[in-house]
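Shown next, in structure tokens, is the structure this report addresses.
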There are 2 protein chains.
Amino acid sequence: MKPRHGHISESCRPISEVLSRIGDKWTSLIITRLSQQPMRFNELKRNVHGISQKVLTASLRALERDGFVERTVFPTTPPTVEYRLTPFGEELAEPLTALTRFALTNAARMDAARAAYDTKHGEPMPDAAPKYKPQQLRLN
Amino acid sequence: MKPRHGHISESCRPISEVLSRIGDKWTSLIITRLSQQPMRFNELKRNVHGISQKVLTASLRALERDGFVERTVFPTTPPTVEYRLTPFGEELAEPLTALTRFALTNAARMDAARAAYDTKHGEPMPDAAPKYKPQQLRLN
DNA sequence: TGGTTTCATAAAGGTGCCTCCTTGTTTGCA
DNA sequence: TGCAAACAAGGAGGCACCTTTATGAAACCA
């Protein structure tokens with residue numbers, strides 16, 4: 001199999017494709033939430049701020065299909081659906097909760113870095129990027 | 001500040017936005033590579049399979065701006081540019097290398113889960129999804 | 001009767017990321 | 001002279017992801 005999109009993982013699926021699945025922001029947020037406790041659809045929707053019903057449905061479907069989440073339908077009226085991490089999902093939760101914690105605790109630091117960078121190089125504007133010139137390559 | 005897109009991190013930047021930056025597949029691959037050793041542009045391009053020159057340039061620029069990577073230009077002819085992780089970048093490398101390792105070691109397991117799911121529910125095709133009906137909600 | 005709950009889905013339109021191809025400049029080498 | 005190396009950037013077009021709005025069905029309640 002030709003390594004078009006990345007290192008060949010054990011299944012020949014490009015590593016970049018796997019990473020784009022598990023590194024996805026909604027995946028991180030959903031998995032991190034479910035690692036705390038199983039939840040129903042609307043609970044998740046309220047807890048994962050900013051996610052739409054549609055995106056939540058699609059994300060949960062994908063997570064179920066990948067084997068990270070199991071879905072239980074209860075015969076209530078109307079039916080209620082519970083989502084819970086599988087053991088596989090709990091394994092994924094480990095690096096993801098670490099990543100989410102990093103995001104929570106380091107956003108200000110990123111902001112400061114961006115401000116410093118912009119002060120030095122100018123804001124990333126359409127006309128602010130000079131043309132590449134070897135002798136004038138962006139010198140620090 | 002209104003929490004439109006996620007939990008409010010300490011900088012008021014939505015957590016989902018921070019996660020979409022640091023969880024990005026190219027970020028993962030680049031940071032993981034640089035955590036092994038500093039690299040020049042073309043070294044990185046060869047090592048991060050599947051990335052285009054353009055995407056690599058943009059990704060490195062963003063990583064530099066966020067404070068994770070530092071860029072050193074050497075006055076060779078033509079100029080060569082070296083990228084290395086900052087201490088902040090090394091902190092991010094920890095959860096990211098764990099995530100990348102997970103991706104490398106669990107792709108086959110995801111494939112197996114998908115195959116099992118599709119066997120049970122049918123392949124995700126445009127016409128394979130039945131209309132929502134509470135009494136017939138996807139029962140497992 | 002109308003409204004609500006629950007969760008999956010459809011359609012239309014917008015945006016961002018990415019691919020592919022190209023340009024640019026200086027130096028060194030065949 | 002032509003080509004290669006090095007690395008940043010531009011443009012056109014395609015595709016995936018997302019937002020917004022709406023639909024659907026059974027039961028319950030005012």
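Order of the sequence lines fixes the chain letters, A, B, ..., with proteins taken first and strands second; residue numbering starts at 1 for each chain. Computed from a prediction, not measured in an experiment: that's the story for all the values here.
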- Using only side-chain N and O atoms of Asn42(A), determine if any of them is under 4.0 Å from OP1 or OP2 of dT5(C). no

- Task: Please confirm whether the backbone N or O of Lys25(A) pairs with a side-chain atom of Ser20(B), one donor and one acceptor, at under 3.5 Å?
- Result: no

- Task: Report yes if at least one side-chain N or O of Thr57(B) is closer than 4.0 Å to OP1 or OP2 of dC7(D); otherwise report no.
- Result: no

- Task: Pick out which of His121(B), Lys120(B), Arg114(B) makes a side-chain contact (heavy atoms from CB on, under 4.5 Å) with Tyr117(B).
- Result: His121(B)

- Query: Which nucleotide, dT19(C), dC7(C), dC7(D), lies nearest any side-chain atom of Val55(B)?
  - Reply: dT19(C)

- Item | Closest contact, heavy atoms only, Val18(A) versus Ala103(B) | CG1-CB, 3.6 Å

- Query: If you measure only the distance, is there a donor-acceptor pair under 3.5 Å linking the side chains of Thr100(A) and Thr32(A)?
  - Reply: yes

- Message: I want to check one thing: is the phosphate of dC7(D), taken as OP1 and OP2, less than 4.0 Å away from some side-chain N or O of Arg71(B)?
- Response: no

- Query: Can you check whether Leu56(B) reaches Trp26(B) side chain to side chain, under 4.5 Å on heavy atoms?
  - Reply: no

- Note on the structure: Per atom distances to the Pro78(A) side chain, the nearest of dT5(C), dT26(C), dT19(D) is dT5(C)

- In terms of the nearest nucleotide of DNA chain D, which residue is placed more toward the 5' end: Gln53(A) or Asp24(A)? Asp24(A)

- What's the CD-P distance between Glu64(A) and dC7(C), to the nearest Å? 14 Å

- Quick one: Leu60(B) CG to dA9(D) C1', roughly how many Å, whole number? 14 Å

- Spacing of Arg46(A) atom CZ relative to dT5(C) atom P, expressed in whole Å: 11 Å

- Message: Could you tell me how far apart Phe74(B) (CZ) and dT26(C) (C1') are, to the nearest whole angstrom?
- Response: 19 Å

- Message: I want to check one thing: is the phosphate of dC18(D), taken as OP1 and OP2, less than 4.0 Å away from some side-chain N or O of Trp26(A)?
- Response: yes

- Message: Can you measure Arg61(B) atom CZ to dC7(D) atom P for me and round it to whole angstrom units?
- Response: 15 Å

- Lys25(A) NZ - dC17(D) P separation (whole Å): 12 Å

Could I get a table of every N or O pair under 3.5 Å where one atom is in the protein and the other is in nucleotides 11-16 of chain D?
| residue | atom | partner | partner atom | Å |
| --- | --- | --- | --- | --- |
| dG11(D) | N7 | Lys54(B) | NZ | 3.4 |
| dG11(D) | O6 | Lys54(B) | NZ | 2.6 |

- Item | Summary of salt bridge (Lys or Arg N to Asp or Glu O under 4.0 Å) pairs that have at least one residue in residues 91-103 of chain A, sequence neighbours excluded | Glu91(A)-Arg109(B)

- Query: Between Lys45(B) (NZ) and dC18(C) (P), how many Å, whole number?
  - Reply: 16 Å

- Query: In Å, rounded to the nearest 0.5 Å, how long is the span from CG of Leu60(A) to OG1 of Thr27(A)?
  - Reply: 9.5 Å

- When you check the phosphate oxygens OP1 and OP2 of dA6(D), does a side-chain N or O of Arg40(B) lie under 4.0 Å from one of them? yes

- For the pair made of CD in Glu82(B) and P in dA8(D), what is the distance, rounded to whole Å? 13 Å

